[in-house]
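Structure, as structure tokens:
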Amino acid sequence: MGLGTYENYHRAPPDMMKFGYDAPEGVEIRGRYDGEFAAILDRDALQFVAGLQREFRSRIKYAMECREEAKRSFSEGASPGFDPATRYIREGEWTCAPVPPAVADRTVEITGPAERKMIINALNSGAKVFMADFEDALSPSWENLMRGQVNLKDAVDGTITFHDKARNRVYKLNNQTAKLFVRPRGWHLPEAHILIDGEPATGCLVDFGLYFYHNHAAFRRTQGAGLGPFFYLPKMENSREAKIWNCVFEKAEKTAGIERGSIRATVLIETLPAVFQMNEILYELRDHSVGLNCGRWDYIFSYVKTFQAHRDRLLPDRVQVGMTQHFMKSYSDLLIRTCHRRGVHAMGGMAAQIPIRDDPEANNAALELVRKDKLREVRAGHDGTWAAHPGLVPVCMEVFSNNMGDTPNQIQSMKREDASAITEEDLLQRPRGSRSLDGLRLNTRVGIQYLAAWLTGAGSVPLYNLMEDAATAEISRVQNWQWIKYGAELDGDGLGVRVNNDLFGKVVEEEMCRIEREAGKEKFRRGMYKEACKIFARQCTAPTLDDFLTLNAYNNIVIHHPTGSSSRL
């Protein structure tokens with residue numbers, strides 16, 4: 001779905017709208033009216049977002065066209081690699097702006113959707129940073145997005161509370177909390193509830209613009225020690241896209257009257273093309289950067305997507321594609337070397353495990369896997385890591401603290417000059433392993449259940465003792481598609497059969513029965529499992545691979561309220 005197509009969105013009855021948002025000229029709000037939302041969507045804030053959209057939309061459109069051109073090139077047999085035209089940046093001696101003292105220590109970062117209870121628990125978790133997510137961990141419904149903005153404003157103001165009526169418990173912030181980062185959506189996602197000059201707004205400009213406008217002053221005063229706000233930037237494929245973000249930041253700083261370089265951002269290296277542009281991305285953001293992060297699940301997804309036309313690039317079962325695979329280790333090592341050479345943080349990947357409270361033995365085994373993963377990261381030179389659940393924070397913190405001592409990071413102590421020898425071949429090496437029917441079943445079961453939850457408003461979903469978000473669902477989808485497309489042999493369980501539409505159809509049918517048993521008939525009936533199954537199965541068997549699961553499914557969660565704005569057009 002392109003940015004300009006919104007004819008198929010659901011429309012709410014006009015009588016549901018009795019009020020309207022006070023939108024400036026050329027801006028139309030199609031989302032449900034709510035008094036709290038109106039305080040976020042005030043006229044000046046919308047004018048700020050519209051200004052960003054108007055100034056940068058042509059550059060964003062061109063960047064997305066460049067993505068399509070690169071995809072065509074890869075499909076015709078090319079592979080991503082280092083750009084000879086930017087060798088001077090990679091080989092030059094330069095550094096990014098000094099790391100702000102407020103976030104020098106990022107040893108453990110917890111992530112999660114911008115939901116009220118989650119925000120409080122994460123800020124209180126003992127982690128150094130909480131990344132509030134508008135992207136992969138959030139289903140981007142109007143309610144979730146706008147409620148998230150309300151929640152974050154209350155969090156920055158220090159007034160956020162939550163009353164859990166079921167437990168009769170009130171949640172509020174501790175005196176000492178994690179530093180707040182916010183992740184807006186990627187460049188490719190539209191915000192169909194806000195039209196600017198007749199077209200859906202760019203989702204990330206809405207997320208960034210509303211949050212920055214309402215919170216920059218309070219954040220700099222209470223959290224950033226005079227700097228900030230702080231952000232995570234997802235799904236970039238090259239430095240061209242980083243340069244747009246840098247210009248967005250500069251425009252925001254100028255508009256707010258704060259010094260250049262106040263906003264700081266960490267870029268997730270989670271696409272295969274971006275690993276060859278890490279120096280260039282940091283260079284474009286050098287006045288606004290606080291590092292790079294190994295977004296490893298999306299990186300695996302991107303590997304399949306980049307090589308979708310290459311039948312010799314079939315992945316093994318997703319559980320076998322870990323950081324010990326040569327191409328993954330090379331990616332992590334080169335990221336550390338690049339970041340430390342440029343004076344910024346090199347952040348490790350996600351620990352997705354969830355504490356298993358009713359099985360101590362299984363819980364201990366899961367925590368041991370987390371310890372081993374985090375020990376690998378800190379010894380490699382990472383400055384910090386991610387956790388999906390507050391229960392993992394002490395384990396991750398212990399590993400990093402025991403190996404880093406009193407230093408807040410390893411930027412100066414772990415230069416990893418050995419990683420300068422990493423080549424294009426290292427970064428592109430084919431993953432080793434086997435494929436199994438169990439792997440096909442797990443992909444299918446996880447993909448359908450995640451999408452069913454996403455369609456009903458949940459973007460972060462606990463499944464089989466792991467916290468799944470859109471990234472792991474994407475791996476499930478594209479791996480199924482790849483195996484079906486090229487008739488992959490299931491060589492890991494002695495079956496020797498090849499995957500085709502008939503086998504996949506049987507697996508879908510059987511896994512839907514299993515999902516119904518595990519969920520229970522009532523939950524299954526009330527959920528959107530059948531709708532999710534249709535979407536997921538269609539994408540897995542499509543002749544051409546859809547770029548993103550969530551972009552394709554977005555129409556299903558958009559509800560237009562035609563009279564939602566009092567825009568003076």
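No hydrogens, no waters, no symmetry mates; every other heavy atom, side chains included, goes into these values.
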Gap between atom [atom2] of [Y] and atom [atom1] of [X] - 0.5 Å precision:
X: Arg59; Y: Glu241; atom1: CZ; atom2: CD; value: 11.5 Å
X: Gln149; Y: Leu41; atom1: CD; atom2: CG; value: 8.5 Å
X: Ser476; Y: Trp481; atom1: OG; atom2: CH2; value: 16.0 Å
X: Ile29; Y: Leu195; atom1: CD1; atom2: CG; value: 8.0 Å
X: Leu455; Y: Ser141; atom1: CG; atom2: OG; value: 11.0 Å
X: Leu392; Y: Ile354; atom1: CG; atom2: CD1; value: 8.5 Å

In terms of relative ring orientation, are [X] and [Y] parallel, tilted or perpendicular, with 30° and 60° separating the classes?
X: Tyr232; Y: Trp386; answer: perpendicular
X: Trp245; Y: Phe249; answer: tilted
X: Trp142; Y: His193; answer: tilted

Look only at the side chain of [X] and the backbone of [Y], and say whether a donor-acceptor pair between them is shorter than 3.5 Å.
X: Ser289; Y: Gly291; answer: yes
X: Thr541; Y: Ala537; answer: yes
X: Trp483; Y: Leu315; answer: yes
X: Asp34; Y: Phe37; answer: yes
X: Ser302; Y: Asp298; answer: no
X: Tyr450; Y: Gly459; answer: yes
X: His214; Y: Ile40; answer: yes
X: Gln479; Y: Leu314; answer: no
X: Tyr171; Y: Ile160; answer: no
X: Asn500; Y: Ile484; answer: no

>> Quick one about Arg43 and Tyr21 (side-chain donor to acceptor, distance below 3.5 Å, no hydrogens or angles considered), yes or no?
In response: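 There is no such pair between these side chains.
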> Going by atom types alone, do Asp133 and Thr111 pair a side-chain donor with an acceptor below 3.5 Å?
Replying inline: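 Per modelled atom types, Asp133 and Thr111 side chains form no pair under 3.5 Å.
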> Should the heavy atoms of other residues, nucleotides or ligands under 6.0 Å from NZ of Lys243 be counted, would the total exceed 12?
Replying inline: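 Count not over threshold, so no.
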>> For Glu518, I'd like to know if atom CD has over 12 heavy atoms of other residues, nucleotides or ligands within 6.0 Å.
In response: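 Result for CD/Glu518: enclosed.
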> Can you check side chain to side chain contact (heavy atoms under 4.5 Å, CB included) on Lys251 and Phe56, steps first, answer last?
Replying inline: CA-CA 10 Å; Lys251 180 177 176 64; Phe56 297 107; 3.9 Å; yes
Which pair of non-hydrogen atoms, one from [X] and one from [Y], has the smallest distance, and what is that distance?
X: Ala63; Y: Ile244; answer: CB-CD1, 4.0 Å
X: Arg498; Y: Gly487; answer: NH1-O, 2.9 Å
X: Ile110; Y: Pro390; answer: CD1-N, 3.5 Å
X: Ile300; Y: Val321; answer: CD1-O, 3.4 Å
X: Leu123; Y: Ala155; answer: CD1-CB, 4.2 Å

>> If you apply the rule ring pair (Phe, Tyr, Trp, His ring centres under 6.0 Å), what do you find for Phe208 with Phe134, and how did you get there?
In response: CA-CA 10 Å; Phe208 165 81; Phe134 285 109; over 10 Å; no
So does [X] pair up with [Y], basic N to acidic O under 4.0 Å?
X: Arg318; Y: Glu468; answer: yes
X: Arg183; Y: Glu135; answer: yes
X: Arg240; Y: Glu280; answer: no
X: Arg67; Y: Glu65; answer: no
X: Asp502; Y: Lys506; answer: no
X: Lys235; Y: Asp136; answer: yes
X: Glu191; Y: Arg185; answer: yes

Hey, does [Y] have a side-chain heavy atom less than 4.5 Å from the side chain of [X]?
X: Leu210; Y: Val49; value: yes
X: Pro140; Y: Ile557; value: yes
X: Asp546; Y: Arg477; value: yes

Side chain to side chain donor-acceptor pair (under 3.5 Å) against [X], all qualifying residues, sequence neighbours excluded:
X: Glu531; value: none
X: Arg538; value: none
X: Arg525; value: Glu522
X: Asp547; value: Lys71

> Could you walk me through whether Ser460 and Asp469 pass the side-chain hydrogen bond (donor to acceptor under 3.5 Å, both in side chains) check?
Replying inline: CA-CA 5 Å; Ser460 188; Asp469 69 3; over 6 Å; no
> Between Tyr211 and Phe231, is a ring pair (Phe, Tyr, Trp, His ring centres under 6.0 Å) present by the stated rule, with each step listed?
Replying inline: CA-CA 10 Å; Tyr211 174 75; Phe231 295 91; 5.8 Å; yes
> Between Phe548 and Lys305, is there a cation-pi geometry (under 6.0 Å to ring centre, at most 45° from the normal)?
Replying inline: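 Yes - Lys305 lies over the ring of Phe548, closer than 6.0 Å to its centre and within 45° of its axis.
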>> Walk me through whether Phe307 and Phe74 qualify under ring pair (Phe, Tyr, Trp, His ring centres under 6.0 Å).
In response: CA-CA 7 Å; Phe307 289 123; Phe74 300 146; 7.3 Å; no
> Which pairs count as side chain to side chain donor-acceptor pair (under 3.5 Å) when at least one residue sits in residues 264-277, sequence neighbours excluded?
Replying inline: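 Qualifying pairs, neighbours excluded: Arg106-Thr266, Ser239-Gln277.
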>> Listing request: all ring pair (Phe, Tyr, Trp, His ring centres under 6.0 Å) pairs with a residue in residues 458-479, at least two apart in sequence or in separate chains.
In response: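 As it turns out, there is no ring pair (Phe, Tyr, Trp, His ring centres under 6.0 Å) pair with a partner in residues 458-479 once direct neighbours are skipped.
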